[in-house]
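Each chain gets a letter, A, B and so on, in the order its sequence line appears, and its residues count up from 1.
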Number of protein chains: 2
Amino acid sequence: MELNKIHNIDCLDFMKGMAENSVDLILTDPPYGMSFQSNYRQVKHEKIVNDTNLEWLPEFIESSHRILKDDRHAYFFCSFHNVDIFKQAIQKHFEVKNILVWAKNNTGMGDLEGDYAPQYEFIIYTRKGNRKLNDGRASNILSYNRTGNINHPTEKPLDLFSFLIRKSTQESEIVFDGFIGGGTTALACKMLKRNYIGCEISPEYCKIAEERINSISNTLF
Amino acid sequence: MELNKIHNIDCLDFMKGMAENSVDLILTDPPYGMSFQSNYRQVKHEKIVNDTNLEWLPEFIESSHRILKDDRHAYFFCSFHNVDIFKQAIQKHFEVKNILVWAKNNTGMGDLEGDYAPQYEFIIYTRKGNRKLNDGRASNILSYNRTGNINHPTEKPLDLFSFLIRKSTQESEIVFDGFIGGGTTALACKMLKRNYIGCEISPEYCKIAEERINSISNTLF
DNA sequence: ACTACGGTTGAATCCTGAA
DNA sequence: GTTCAGGATTCAACCGTAG
C-alpha cells in the first residue's frame, strides 16, 4: 500500500482493496447526511446536494473497523442532527468512548429566532482494543478557532487535527481518512511525521489538497 | 391543577392525571440510564444503581408531549452515553431543534488514561409547534459553573435553569419538571415569577426541595 | 480587604479480590 | 468461569481559613 498519497476514488471502493489491520488511526470528517449549502458566502463552493442519505455509513464503519489495527483509535466527525444514527452505526463495531465537542470561536447560521446558534460539532471518539491517549488528560470540549474555509466548505482547523493525531498515534504510524476533502489530515500528518492514506471522490478537491501538501514541502517545521 | 407544589410521586403516574395542553414548558433532568457513584466524596449521597434501564423513557416523552401546550418548548437533560436513545425517543413526538451543551467549569473523573475528561452534559432542546426564543440569539454552548451538589448528587446550576426558563416562557406561565430532585426548577420559577408543577419520587429530596423553596420566601430578589 | 494556602470536589472507569 | 463490591486515581477549580 502506497503511503502519503490521496486517491481520487470513492473510499468505499478503495477500502475494499486495503488489508485488514493495516492502519493505526482513522480520522475523518464524512458528509453529515444533511443537505448543505451556504448562499451567504463570498467564495461559493460547489453546492453539496443529494447528500441527505446515510446509506454509505454502515459499510464505511464496518470497513474502517476492518482496516484498523487492534488497540487503536478512530474519530468520526458529525453534527447533532444525525448523532444518534452515527453513534448507533459506529457502536456496532467500535467501542464509543466519548463524544468530543469541537467548540468553534464563531457561531453558524440557521434559525435566528427559534433556535440556539450552532457553535460546535461533534467528534465521536472510539476504540478498537484499548490503546491509551498520549500527553496527559484532556477535556472532551476542544476549543479551536475556525480557519476560514479556504480550501473546502467544511474545512476543519489544522490545529485540531494535529491535536487528535498527537493524542492517538506515534511518529511514522499510518492515518487513514476516507473523506479527506481539502487535505487537512494529510497536512497535519506531514507536519507531525505521520504517514497518511487519503481518499477524495472529487477531482477538484484532490488537486487542491495536493497543492496544499506540496506547498509545505520546502517549509521548515 | 394545583400550582407551585412538588408532588412526592412517580411522575409517570402523576402525568396520567394531568390534562393535555396544560403546561407551557417542560424542563427536566431525568436519570441518565447509567450506574454511577463517586467514591471520592466526603458527603456520600446514596449510590445510584440499578438504573441502567430506560424503560420509563418512551412513556415519559409521550406524556410530556401530551401535557404540553402547542407552540411551546421542552428541554431534556442527558449525557452522551445514551444521547442516541434519548434523541430517538424524543423525536418520535417532538421536533428536536438542537442539542445544547452545558459546559461545566470543571472536569469529572472516569478513565484517566484512555479517555477525554467529561466536561459537559447535553440538553436536548425541542419544540411542539413553533414558539420563538426570548432575548435574542444565544449559543448552543452554555457555560455555567457548577454550584457544588449540596442538595442533590446531580444538582444543576440555578443560573442555567433560570436562563432556559427565561428563554422559553413568559411570566406566570407554567413549568413542569417530572424529576425535580433538589428543586432547582421550582426555585428558578419562583424567582422568575413563573408557576411550576414538580414531581419527585424520593420523600427525602421532596423535603429538601421544599425547604429550599421556603428559604427564599422572605428574600428580596 | 486581600492574598496564600491547603482541603475538597467531580452524572466515572479500571482493576483487584472476594463471593 | 462469572459477577459484584469497593478502592485508587487526574487535575483544575473552588471554598474556607489563616495570615
Does the ring centre of A:Phe86 sit less than 6.0 Å away from the ring centre of A:Phe76? no
Atom OH of B:Tyr144 to atom C1' of C:dA11: distance rounded to whole Å? 20 Å
Excluding sequence neighbours, so at least two apart, what forms ring pair (Phe, Tyr, Trp, His ring centres under 6.0 Å) with B:Phe161? B:Phe77
B:Leu112 side chain, from C-beta outward: closest of C:dA11, C:dT13, D:dT9: D:dT9
With a 4.0 Å cutoff (strictly under), does any side-chain N or O of B:Lys104 reach OP1 or OP2 of C:dA11? yes
Using atom OH of B:Tyr120 as one end and atom C1' of D:dA12 as the other, report the distance to the nearest whole Å. 19 Å
Rounded to whole angstrom units, what separation is found between the CE atom of B:Met109 and the P atom of C:dT8? 14 Å
Of the listed D:dA13, C:dA12, C:dG10, the closest approach to the B:Asn149 side chain comes from C:dG10
Under 3.5 Å, which N/O atoms of the protein pair with N/O atoms of nucleotides 15-17 of chain C?
none

Nearest 0.5 Å, please: how far is OH in B:Tyr116 from NZ in A:Lys167? 5.5 Å
Rounded distance (nearest 0.5 Å) linking atom CG of B:Asp24 with atom CZ of B:Arg194: 10.0 Å
Mind checking B:Asn145 for me? I need base, sugar-phosphate or nothing, with any heavy atom below 4.0 Å counting as a touch. sugar-phosphate
What about the rings of B:Tyr32 and B:His81, do their centers lie closer together than 6.0 Å? no
Pairwise distance OG(B:Ser139) to CG(B:Asn98) - rounded to 0.5 angstrom: 9.0 Å
Separation of B:Asn106 atom CG from C:dA12 atom C1', in whole Å? 13 Å
Stems with DNA chain D, 3 or more Watson-Crick or G-U pairs in a row (under 3.5 Å), are C:2-10 with D:11-19, C:12-19 with D:2-9
For the side chain to side chain contact (heavy atoms under 4.5 Å, CB included) test, which of B:Ile197, B:Asn195, B:Ile165 pairs with B:Cys189? B:Ile165
Between B:Gly110 and B:Arg146, name the one whose nearest nucleotide on DNA chain D is closer to the 5' end. B:Gly110
Can you tell which of C:dA11, D:dT10, D:dA13 lies closest to the side chain of B:Thr154? C:dA11
For the base of C:dA11, is there a side-chain donor-acceptor partner from B:Lys156 under 3.5 Å away? yes
Check for me whether the distance between the ring centres of A:Tyr125 and B:Phe80 falls short of 6.0 Å. no
Between A:Phe179 and A:Thr154, does the side chain to side chain contact (heavy atoms under 4.5 Å, CB included) criterion hold? Intermediate values first, please. CA-CA 11 Å; A:Phe179 302 92; A:Thr154 67; over 6 Å; no
Check: A:Ile85 main-chain N/O paired with A:Asn82 side-chain donor or acceptor under 3.5 Å: no
In whole angstrom, what separates B:Tyr116's OH from D:dC11's P? 15 Å
A:Arg131 has an atom CZ; how far is it from atom C1' of C:dC14, in whole Å? 19 Å
What is the distance from CG of A:Asp135 to P of D:dT10, rounded to the nearest Å? 17 Å
Of C:dC14, C:dA11, D:dT10, the nucleotide closest to the side chain of B:Asp111 is C:dC14
To the nearest Å, how far apart are B:Asp115 CG and D:dC11 C1'? 15 Å
